[in-house]
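Everything numeric here is computed off the predicted structure, so don't read it as measured data.
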Amino acid sequence: MPVRARKPTTFEAQPHLARLVEKVHDSASVAVLADDDIVYVARVHTVRIMSVNITVGTRFPAYATSMGRVLLAGLPGQEADERLERAPVRPLTPFTLVDAAALAEAVARARRDGHALVDQELEEGLRSIAVPVHDRTGRVVAAVNVSTHASRGTPDDVRRAVLPALLSAAAAIEEDLAVVTERVRLAIP
């Protein structure tokens, strides 16, 4: 009997997010895809930079978030395009991408680059960068991000300052996820 792919939980992600936040001095989160939204499964915050309080279970539209774009980019075949076509896309800020072709290109860029950066599309003043978290088979099962205030530098500054630490945190979460999955596999008779 094959072991069902696991998604990271707060238990697996929290220590890695805490170390990431210590390095970058900005909030970090892990989310999974649920229908057309992302759902937060772990979070460590520094200072609150959003007008809403994000906790485990908070949902946001995938199309307007860095984690959502990374998760959509990890879907097989045309599934990302299908989800974007059916999602109720609307401008959340003056910067939100709402054009279908632009959104499809943003997801394709995330797939190509291995990360997504969203600049003030979910909330004005908020910039976030995300990378995928893979299970032991290579399937994208979650995304991890860092959120910062847009005044702290350009998008390229954020990539240079945050992306290496973000990739390292994602790799550490993947390692823990693989160990837990292997233990579950071994426990199944």
Minimum side-chain heavy-atom gap L103-V98 below 4.5 Å | no

Considering residues at least two apart in sequence or located in another chain, which fulfil the salt bridge (charged side-chain N to carboxylate O under 4.0 Å, His left out) criterion with E79?
-> R83

What heavy-atom pair brings D81 and A104 nearest, and what distance separates the two atoms?
-> OD1-CB, 4.1 Å

Spell out, yes or no, whether L167 and V21 are grouped together once hydrophobic residues are joined by side-chain heavy atoms under 4.5 Å, including indirect joins.
-> yes

Between atom OG1 of T148 and atom CG of D157, what is the distance when rounded to the nearest 0.5 Å?
-> 10.5 Å

Straight-line distance of I54 CD1 to R59 CZ, nearest 0.5 Å = 14.5 Å

Correct closest heavy-atom pair for V131 and V70 would be C-CG1, 3.6 Å

Where the side chain of Y63 meets the backbone of R90, is there a donor-acceptor pair that is under 3.5 Å apart?
-> yes

Work out which heavy atom in D135 is nearest to a heavy atom in T137; give both atom names and the distance.
-> OD1-OG1, 2.6 Å

Donor-acceptor under 3.5 Å (R43 side chain, T55 main chain) | no

Non-hydrogen side-chain atoms of M67 and Y40 separated by less than 4.5 Å = yes

Does a side-chain heavy-atom distance below 4.5 Å link H16 with L20?
-> no

Look at the side-chain heavy atoms of Ile, Leu, Val, Met, Phe, Trp and Tyr, link any pair under 4.5 Å apart, and say whether L75 and I38 land in one connected group.
-> yes

Shortest non-hydrogen contact between V144 and A170, atoms and distance | CG1-CB, 3.7 Å

CZ of R69 to OG of S128, rounded to nearest 0.5 Å, is 9.0 Å

How many angstroms lie between CD in E124 and CG in D119, if you round to the nearest 0.5 Å?
-> 11.0 Å

For T93 and Q120, indicate whether the former's side chain and the latter's backbone hold a donor-acceptor pair under 3.5 Å.
-> yes

For residues A64 and E121, report the shortest heavy-atom separation together with the two atoms involved.
-> O-CB, 4.1 Å

Examine distances only and state if a side-chain atom of R127 and a backbone atom of G153 form a donor-acceptor pair shorter than 3.5 Å.
-> yes

Beyond-backbone contact of H115 with S66, side-chain heavy atoms, under 4.5 angstrom = no

Using a 4.5 Å cut-off on heavy atoms from C-beta on, say whether the side chain of L84 contacts that of V89.
-> no

Which residues pass the side-chain hydrogen bond (donor to acceptor under 3.5 Å, both in side chains) test with R86, sequence neighbours left out?
-> D36

Give, for atom CD1 of I173 and atom NE2 of H134, the distance between the pair rounded to the nearest 0.5 Å.
-> 12.5 Å

Which of these passes side chain to side chain contact (heavy atoms under 4.5 Å, CB included) with L33: L72, V140, V141?
-> L72

When clusters are formed by joining ILVMFWY residues with side-chain heavy atoms under 4.5 Å apart, either directly or through shared neighbours, do L92 and V118 land in the same one?
-> no

Quick one: does T65's side chain get under 4.5 Å of N145's, heavy atoms only?
-> no

Approximate separation, where rounding is to 0.5 Å, of L97 CG and E105 CD = 10.5 Å

Tightest non-hydrogen contact, residues V32 and A142, listed as CG1-CB, 4.0 Å

D113 meets the salt bridge (charged side-chain N to carboxylate O under 4.0 Å, His left out) criterion, sequence neighbours left out, with none

